[in-house]
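Predicted, not measured: the structure shown is a model, and the values here were computed from it.
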Amino acid sequence: MLRRLSALVTPGRTTGAVAAACCVAIGMVVAAPLSTASNGRAAPLLYEFFAPVCHQIAERSFHLHGHPLAVCHRCFGFYVGFTLGLAVLPFVRRFRDWLLDRPRRILYFLAPTAIDWLLPMNTPASRFGTALLASAPIALLVWAAIDQITERHAPKLLEETSP
C-alpha cells in the first residue's frame with residue numbers, strides 16, 4: 001500500500017495528470033465543431049462549457065469543417081501553449097533555470113499578448129501566437145508549484161497511511 005501511494009504522488013505523475021487534463025480540454029475545443037458538422041448532440045454542451053471563459057466570436061475563431069472552435073484564436077493559443085509548455089519546458093534546463101531563478105521574467109512573455117490585445121489591427125496568427133508565447137512559461141511555473149507541493153506533502157501522506 002505504501003509503495004503504491006508514493007508512486008501516485010510523484011511530481012511526474014501529478015504533472016502528467018495536469019497535462020492530460022489540458023489535452024482533454026483541447027480535445028473538447030476541437031470536438032465542438034466536429035460535433036456540429038456531424039449533427040451531434042454534444043456541440044451545444046461543448047460550446048456552453050467554454051462560454052464563461054471566451055467570447056466565442058466566430059470571426060475571431062479558427063474553423064473546422066466550416067464551424068468555429070469552441071474558443072477564439074487567443075484562448076486556443078493559451079490552451080495549446082500551456083499544454084506544450086507543461087510537456088516540454090520542464091526538460092529544457094537552461095530556460096527552466098533562467099525563469100525559475102526570477103519568476104518576474106514571465107512578464108517578458110506576457111507583454112506581446114498585451115500589445116497585440118491593444119492593437120486595433122491584429123490577425124488570427126498574432127492572437128494565437130502571442131497567447132501561445134505567454135502561456136508556455138506560465139505552465140513552467142505551474143509545474144514548479146506542483147513539484148514543490150508534492151515534495152512537501154508526499155512524506156505527510158505516506159506517514160498518515162502507514163500502519
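The distance from the OH atom of Y108 to the CZ atom of R102 is 9.0 Å, given to the nearest 0.5 Å. From L119, atom CG reaches atom CZ of R127 across 11.0 Å, with rounding to the nearest 0.5 Å. Between L86 atom CG and S135 atom OG the span is 10.5 Å, to the nearest 0.5 Å. To the nearest 0.5 Å, atoms OG (S61) and CZ (F76) are separated by 10.5 Å. Atom CG of L140 is separated from atom CZ of F91 by 11.0 Å, given to the nearest 0.5 angstrom. To the nearest 0.5 Å, the span separating CE on M28 from CZ on F49 amounts to 4.0 Å.
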- prompt: Given the rule in the side-chain contact (heavy atoms from CB on, under 4.5 Å) test, do H63 and L69 qualify, once you have shown the distances and angles that lead to the verdict?
  reply: CA-CA 6 Å; H63 284 67; L69 295 182; over 6 Å; no
query: Between I138 and L110, does a side-chain contact (heavy atoms from CB on, under 4.5 Å) hold up when you go through it step by step?
result: CA-CA 9 Å; I138 292 170; L110 298 174; 4.0 Å; yes
H55/C72 under side-chain contact (heavy atoms from CB on, under 4.5 Å): CA gap, chis, key distance, verdict: CA-CA 7 Å; H55 55 70; C72 68; 3.5 Å; yes
message: Is there a side-chain contact (heavy atoms from CB on, under 4.5 Å) between H73 and T123? Walk through the geometry before answering.
response: CA-CA 9 Å; H73 304 123; T123 66; over 6 Å; no
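Residues V142 and I106 are members of one and the same hydrophobic cluster, defined by side-chain heavy-atom contacts under 4.5 angstrom among Ile, Leu, Val, Met, Phe, Trp and Tyr. Hydrophobic cluster membership is shared by I26 and V24, with clusters built from Ile, Leu, Val, Met, Phe, Trp and Tyr side chains linked at under 4.5 angstrom. Residues V88 and I146 share a single hydrophobic cluster, defined by chaining ILVMFWY side chains whose heavy atoms lie under 4.5 Å apart. With hydrophobic clusters built from ILVMFWY side chains whose heavy atoms lie under 4.5 angstrom apart, V29 does not share a cluster with L45. Residues F62 and L46 are members of one and the same hydrophobic cluster, defined by side-chain heavy-atom contacts under 4.5 angstrom among Ile, Leu, Val, Met, Phe, Trp and Tyr.
Residues H65 and T36 form no side-chain contact, since every pair of their non-hydrogen atoms from C-beta on lies 4.5 Å or further apart. You'll find the side chain of C23 reaches within 4.5 Å of the side chain of T83, heavy atoms only. Here the side chains of R60 and N122 are in contact, with some heavy-atom distance below 4.5 Å. Between F82 and C22, the closest side-chain pair of non-hydrogen atoms falls below 4.5 Å. Side-chain contact between L100 and L141: present, with at least one pair of heavy atoms (C-beta onward) separated by less than 4.5 Å. Looking at heavy atoms from C-beta onward, L133 lies out of side-chain contact with T113 at the 4.5 angstrom threshold.
Between V71 and C75, the shortest heavy-atom distance links the atoms CB-CB, 3.7 Å. When all heavy atoms of P33 and L64 are compared, the closest pair comes out as CB-O, 3.7 Å. Listed here is the closest heavy atom pair of Y47 and H67: OH-CB, 4.3 Å. Here the closest non-hydrogen pair linking Q56 and A70 is NE2-O, 2.7 Å. Nearest heavy-atom pair across R96 and L89 is CB-O, 3.9 Å. Across every non-hydrogen atom of A43 and S35, the tightest pair is N-OG, 3.1 Å.
The environment of CH2 in W98 is crowded: more than 12 heavy-atom neighbours from other residues, nucleotides or ligands sit within 6.0 Å. The number of heavy atoms from other shown groups lying within 6.0 Å of CZ (F95) is above 12.
Ring to ring, F78 and F50 are not that close: their centroids are 6.0 angstrom or more apart.
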